[in-house]
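Notes for the one structure printed next.
One is the number of the first residue; the rest follow in order along the sequence. Both counts, for ligands and for their atoms, begin at 1 and track the order of listing.
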Amino acid sequence: MTAQDFILESYNSNIEKGKVKWSSPSNIALVKYWGKRQHQIPENPSISFTLSNCKTITEVTYTKKEDDGFSFDVIFEGEKNEAFKPKIQTFFERIETYMPFLKDYHFTIETSNTFPHSSGIASSASGMSALALCLMSIEEKLSVIQSPDGKRQDEESQDYFNKKASFLARLGSGSACRSIEGELVVWGQNESTESSNLYGIKFDGEVHPNFKNYQDTILLVDKGEKQVSSTVGHQLMHGHPFATERFKQAHHNLARLKAVFASGDLDSFVKIVESEALTLHAMMMTSMPYFILMKPKTLEIINKIWAYRESTDSHVCFTLDAGANVHVLYPENEKDSVLRFIKNELADYCQNKKYITDYVGKGAQLMKN
Ligand code: DP6
């Protein structure tokens, strides 16, 4: 599919008002997206586990209006929020071609996260995907080609709905396009899997039972404002001395992971995933300007995980996103022992001893239509 396929040609603008609500999860990348071209096109493919517990719940109320221009209010966790507006304004501008009804309505966007605000957990993936899904549900209602009961007619239109939701979410925040579905989602053209640069697609390969219900405990190391935003970090991959090799490596790691998912080889999984996390941070440390998002406690946790693995037969490993928090990944059958290890040995490194237990999930859910 091309971007052209997502342009809505005609719609029924007689609907005066309505309300839709979605919940959409966060995701954690195993092969990282770091570096993008114009229009949010990734420089390399990425793959992520969709999460279950960490999610954004967004309700959009839309009311017909006459004047021109975008009009919306944002209510975050029960209070009017001005800080999110510029990002949503930019999002609307980017997607207007694909959602021509945006200027016909005033939107009240009520949103909240299941994870604590300022925990350092990025809410852009869950937040932008939830909003994109709400807009898709509105588009579906306004659509002139719908069944009399207003329901989606078949699998094909469900597929279109998910792809367009992911396509729109990508224009809000790249990693958000991997949050629509679960459990493993690939984004970015590559030779190993079915893929697109425009939207995320459910991983089409075989997945060994070892990876079913995989666990992710997020250790909240630092909630501080990030020194450098992801958006700036991505830009710093332009002209980065190691960029070409890094992008090649991501393709290679995705191909390797595909084989690992089929075979259930947890040792190789650990190596690929940890190497990806450290490579992501190595790219930050070797860009110009350079920066470090890990904190001393991030490193202490990594060393503790290595020591634990060394002294047990555990397959626990870590990954990082663009911040200091550590995602501790492990198979479901190690849940009890690893949670004990986290409680006894890692919780002390977390702010207020806080961590969030999560696991792989199936994607976003419609809550009200
Ligand atoms: C390190 O998706 O937050 O988490 O597209 O500029 O919104 P923008 O960036 P964003 O970048 C996330 C990068 C990452 C790795 C990943 O999720 O693949």
Side-chain angles (χ1 to χ4, degrees), residues 24-51 54 56 84 86-91 93-95 113 120-132 166-180 184-188 190 195 197-201 203 216 218 225-238 240 243 246-247 249-251 253-254 257 272-285 287 291-294 298 318-327 329 358:
S24 188
S26 185
N27 67 74
I28 181 67
L30 305 169
V31 171
K32 307 290 180 180
Y33 147 57
W34 198 245
K36 62 176 163 183
R37 289 176 234 146
Q38 227 197 342
H39 307 305
Q40 302 278 98
I41 298 300
E43 289 281 12
N44 65 259
S46 56
I47 183 166
S48 51
F49 273 141
T50 303
L51 296 180
C54 291
T56 298
F84 289 158
K87 209 168 174 188
I88 294 173
Q89 175 78 24
T90 306
F91 178 52
E93 284 163 12
R94 284 183 189 165
I95 66 170
N113 297 328
I121 295 187
S123 59
S124 66
S126 53
M128 282 299 173
S129 53
L131 181 53
S166 174
F167 173 88
L168 298 174
R170 184 196 98 243
L171 292 169
S173 177
S175 56
C177 79
R178 297 186 312 235
S179 278
I180 308 296
L184 281 160
V185 178
V186 176
W187 169 42
N190 71 86
S195 59
N197 277 339
L198 299 178
Y199 45 80
I201 297 181
F203 174 62
D216 178 7
I218 307 157
E225 260 302 290
K226 270 193 278 181
Q227 180 196 345
V228 178
S229 72
S230 289
T231 304
V232 171
H234 286 292
Q235 300 312 327
L236 294 175
M237 288 302 281
H238 294 296
H240 190 295
R246 161 60 198 149
F247 301 147
Q249 181 198 40
H251 283 266
N253 280 344
L254 181 56
L257 262 189
I272 298 165
V273 168
E274 291 191 346
S275 163
E276 273 290 320
L278 294 180
T279 302
L280 167 70
H281 284 257
M283 290 301 114
M284 300 173 189
M285 289 190 239
S287 60
F291 59 104
I292 301 180
L293 296 183
M294 289 186 284
T298 313
F318 71 86
T319 189
L320 308 165
D321 52 20
N325 293 338
V326 181
H327 288 250
L329 300 176
D358 211 339

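Salt bridge annotation for E43-R37: present, with a cationic side-chain nitrogen under 4.0 angstrom from a carboxylate oxygen.
For H39, the NE2 atom sits in a loose shell: 12 or fewer heavy atoms of surrounding residues, nucleotides or ligands are nearer than 6.0 Å.
In terms of N/O distances under 3.5 Å, ligand 1 is approached by T231. Looking at ligand 1, you'll find an N or O of G174 within less than 3.5 Å of one of its N or O atoms. Considering backbone and side-chain atoms alike, H234 places an N or O below 3.5 Å from some N or O of ligand 1. At least one N or O atom of R178 sits closer than 3.5 Å to an N or O atom of ligand 1.
Contact annotation: for S175 versus ligand 1, heavy atoms closer than 4.0 Å belong to both the backbone and the side chain. With a 4.0 Å heavy-atom cut-off, ligand 1 is reached by no atom of I28.
The protein atom (non-hydrogen) at minimum distance from atom 4 (O) of ligand 1 is D321 CB, 3.8 Å. Shortest contact from atom 14 (C) of ligand 1 to any protein heavy atom: Y33 O, 3.9 Å. When only non-hydrogen protein atoms are considered, atom 7 (O) of ligand 1 lies nearest to S173 OG, 2.7 Å.
Counting only N and O atoms by type, the side chains of S124 and K87 include no donor and acceptor under 3.5 Å apart. Defined by atom type and a distance below 3.5 Å, a donor-acceptor pair is present between the side-chain atoms of R178 and S46. With 3.5 Å as the limit, one finds a donor-acceptor pair spanning the side chains of D216 and H327. With hydrogens and angles left out, the side-chain atoms of S179 and N27 include a donor and acceptor closer than 3.5 Å.
Ligand-side atoms of ligand 1 in range of A29: 16 (C), 17 (O), 18 (O), range being under 4.0 angstrom from any heavy atom.
Comparing heavy-atom distances from atom 1 (C) of ligand 1 across G172, A322, S26, A277 singles out A322 as nearest.
Relative ring orientation between H234 and W34 is described as tilted, the plane-to-plane angle lying within the 30° to 60° band.
Using a 4.0 angstrom heavy-atom cutoff, K36 counts as in contact with ligand 1.
Taking the centre and axis of the six-membered ring of F167, the NZ or CZ atom of R170 falls inside the cone set by 45° and 6.0 Å.
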